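Lettering follows sequence order; numbering is per chain, from 1. A quick note: this is a predicted structure, and the numbers were derived from the prediction, not measured.
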There are 2 protein chains.
Amino acid sequence: MTEAVSRPTLEAVAARAGVSRATVSRVVNGGDGVREPLVERVRRAVEELGYVPNQAARSLVTRRHDAVAVVIAEPETRVFADPFFALQLRGISKELTAHDSQLVLLLTEGPEDYARVGRYLAGGHVDGALVFSLHLDDPLPGLIRGAGVPTVFGGRPGWGDGSRGDGPTVYVDSDNRGGARDAVRHLVGLGRTRVAHITGPLDQTSAVDRLDGFRDVMVDTDPRLIVEGDFTPAGGERAMRVLLDRCPEVDAVFAANDLSASGALRVLRERGRRVPEDVAVVGFDDMLPVAESAEPPLTTVRQDIEEMGRLMARLLLRGLDRRGRDEDADPGPGKGLGGAPSSVVLPTTLIRRASA
Amino acid sequence: MTEAVSRPTLEAVAARAGVSRATVSRVVNGGDGVREPLVERVRRAVEELGYVPNQAARSLVTRRHDAVAVVIAEPETRVFADPFFALQLRGISKELTAHDSQLVLLLTEGPEDYARVGRYLAGGHVDGALVFSLHLDDPLPGLIRGAGVPTVFGGRPGWGDGSRGDGPTVYVDSDNRGGARDAVRHLVGLGRTRVAHITGPLDQTSAVDRLDGFRDVMVDTDPRLIVEGDFTPAGGERAMRVLLDRCPEVDAVFAANDLSASGALRVLRERGRRVPEDVAVVGFDDMLPVAESAEPPLTTVRQDIEEMGRLMARLLLRGLDRRGRDEDADPGPGKGLGGAPSSVVLPTTLIRRASA
DNA sequence: ACCCGGTCCGGGAGCGCTCTCAGGCCGACC
DNA sequence: GGTCGGCCTGAGAGCGCTCCCGGACCGGGT
């Protein structure tokens, strides 16, 4: 059997280069304070032996792991019936890679898993955590903050953006409310007067925010024009039927996501309403396979998902960095980006297609 | 600042329980060979102090990491415009969790990243790897095998299932060829005689296998009824137009995935062909948001994606296990599952909806 | 009464690395 | 020319854990 050849150690490199372990270590970690000829010799030895530092040994003494946990609560993965998930991870991965950090993925299967995640995070295996949990009543965020691990949340957590215990909650979200406003304003700009809203499940902050955005524009709207959906096509169909029954003269619909919009579209077609002539429809997410291949292609609100991921990682890493520095040196004012990282809300863009 | 309280060590637990480090270690690792009263005392001490083993220290001596890398090559993530990715990861995660292993996610941005991945894997940071790379010409699989890390592939790698250097290649795939056969047989069973095929990009094994399945049934088919697509709706549209121009009497289409099927559907509608009356359409993947909300809902071939992930992880872990045991004991014959793990091809199911 | 085997526990070495500290060297300054 | 300071380098301790080994203890066979 191909026995794994025991990998070379610092010691071996040192011997080969004719220097001490300490010097090799210095070179491997940047090479400051080592004279050029030696650096060169060590580099060559490293090369020749194919030396790769043993991360376990390093972590043992530095207490850093160059690893970040990404926690995704199970209920979300159902919602991620689109590239959302993949894109977010991609953004995160890119940023982490650029900082030589690893991505440890923690997926939970319901609350019974939360303890495991909590233990893992508290166990000090990672330097920080990126957490997705967008439900108002989810205990996960609290639990994680309890673990005392630097954390950045994806999406505004349920308890708002206030502080909770130690330090402010840092999150990255897209501007759901603003995006919703844009969508509704677009419909209004089209001359539509009976604008309805199919919401998402209102235990999710994104759904709530989009509803708020809708209300911002349609201030005194007939409450019967707001129907709760659940981010699924089936929910969109149900909601659209309700809407049509309650209020046949509806001439525009803002659906809280593309999936429900596609359901709404189907019902409208079934009932003989032309889109956009009779009823204009706008979705949210710009979930491509759905939005582009809808009939007609969907006007929708796009969010830069990959950028969200990248930003989350950047915020976390910056925080870790800061934390590291703070220990020995006063940060000093005016470092430019010096302050504690704070939440970021990313802008959205209205993508005009045929449906509105 | 909330200074991270230094976490308790084995030593601390030992002191509290009034035993030696070694005994605590034994208890923590299963407690064999320690008498009950002591076990109990140690357990309590662990509990009271909230002791969590330091994985770095442990890895340093055991050379195990209880971590598995999941490598996903960038080109794939584009294709994963559906829950495929998420589901697969979920399956993997479940299985790994059940075996107390962590999931380290490695996403690559093009071939320039491969070196990084290779280095990481060769660096001995993980016990094994699960690799997704479904392109015929991708150097990644070879590179990874070179790193000498136990690996299971997701999807049949390009070079076939033969061996390559040391040991056989282990992979998990769904039965693309068989699924395609089922789809085409279904169309034939419907009485269709001019069955066309819109392929996927033929540098991917799944696309090739589906084409082979098509050919298995349509042995002497007119080559003009086979048009290359690219797994996208736009590609499906293009292919469908070509098909209709070349061969207006076509009465059935088997598209290599749901996305291209949706494109085909749109063109058919545009050209006034009724589905399924004039042209029956079958897709592949059962990508829900697309297949279910297509017009009409798509008959398609479903694969159990989550199970694929779970199986990949299981195969890998089993291999690791075996490797560990082999070192001191002869495995002995007839262990039931005792042999070296070999590749698995999962069955598919035809899902009948309205389009065929 | 003795010894032998087995079971259980503690001592101690050492995994590969970082980091502090002291020592050696050299230039500069008085 | 002496001394001081700064820059490099090496020696050594120790991170928290596992695991080998030896000693203590107990029971049973002769």
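- At least one donor-acceptor pair closer than 3.5 Å links the side chain of B:H99 to the backbone N or O of B:E95.
- Going from atom CG of B:L60 over to atom C1' of D:dC19 covers 13 Å, rounded to whole Å.
- Side-chain atoms of A:T23 do not come within 3.5 Å of backbone N or O of A:V19 as any donor-acceptor pair.
- When the P atom of D:dG6 is taken as reference, atom CZ of A:R35 falls 17 Å away, rounded to whole Å.
- Protein atom CG of B:L38 is 12 Å distant from nucleotide atom C1' of C:dG10, rounded to whole Å.
- Residue B:T23 places its side chain closer to C:dG10 than to any other of C:dC15, C:dG10, D:dG10.
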Please tabulate the protein-to-nucleotide N/O contacts below 3.5 Å involving nucleotides 11-14 of chain C, giving atom names and distances.
from	atom 1	to	atom 2	distance (Å)
C:dA13	N6	B:R21	NH2	2.9

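- Remark: A:E47 CD is loosely packed, at most 12 non-hydrogen atoms of other residues, nucleotides or ligands lying under 6.0 Å away.
- Judged by distance alone, with hydrogens and angles left aside, the side-chain atoms of A:D127 form a donor-acceptor pair with the main-chain N or O of A:H65 at under 3.5 Å.
- Per the geometry, CZ belonging to A:R7 stands 13 Å off C1' belonging to C:dC15, to the nearest Å.
- Within the 4.0 Å cut-off from OP1 or OP2 of D:dG16, at least one side-chain nitrogen or oxygen of A:R63 is found.
- Here A:N29 reaches the OP1 or OP2 of C:dT18: one of its side-chain N or O atoms lies under 4.0 Å away.
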Show me the protein contacts with nucleotides 24-26 of chain C, counting only N or O atoms at under 3.5 Å.
none

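- Close to D:dT18, at under 4.0 Å from its OP1 or OP2, lies a side-chain N or O of B:R58.
- Atom CD of A:Q102 sits about 10.0 Å away from atom CG of B:L105, to the nearest 0.5 Å.
- Without hydrogens or angle criteria, B:T97 side chain to B:S93 main chain gives a donor-acceptor distance under 3.5 Å.
- A donor-acceptor contact shorter than 3.5 Å links the side chain of A:S59 to the backbone of A:Q55.
- Between A:S25 and C:dT18 there is a side-chain polar atom (N or O) within less than 4.0 angstrom of OP1 or OP2.
- At least one donor-acceptor pair under 3.5 Å links the side chain of A:S343 to the backbone N or O of A:Y171.
- Checking the phosphate oxygens (OP1, OP2) of D:dT18, no side-chain nitrogen or oxygen of B:T62 falls inside 4.0 Å.
- Checked against D:dC17, C:dC8, D:dT18, the side chain of B:A57 finds its nearest nucleotide in D:dC17.
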* To do: Could you please spell out the steps behind the side-chain contact (heavy atoms from CB on, under 4.5 Å) verdict for B:V68 and B:L103?
  => CA-CA 5 Å; B:V68 167; B:L103 192 171; over 6 Å; no

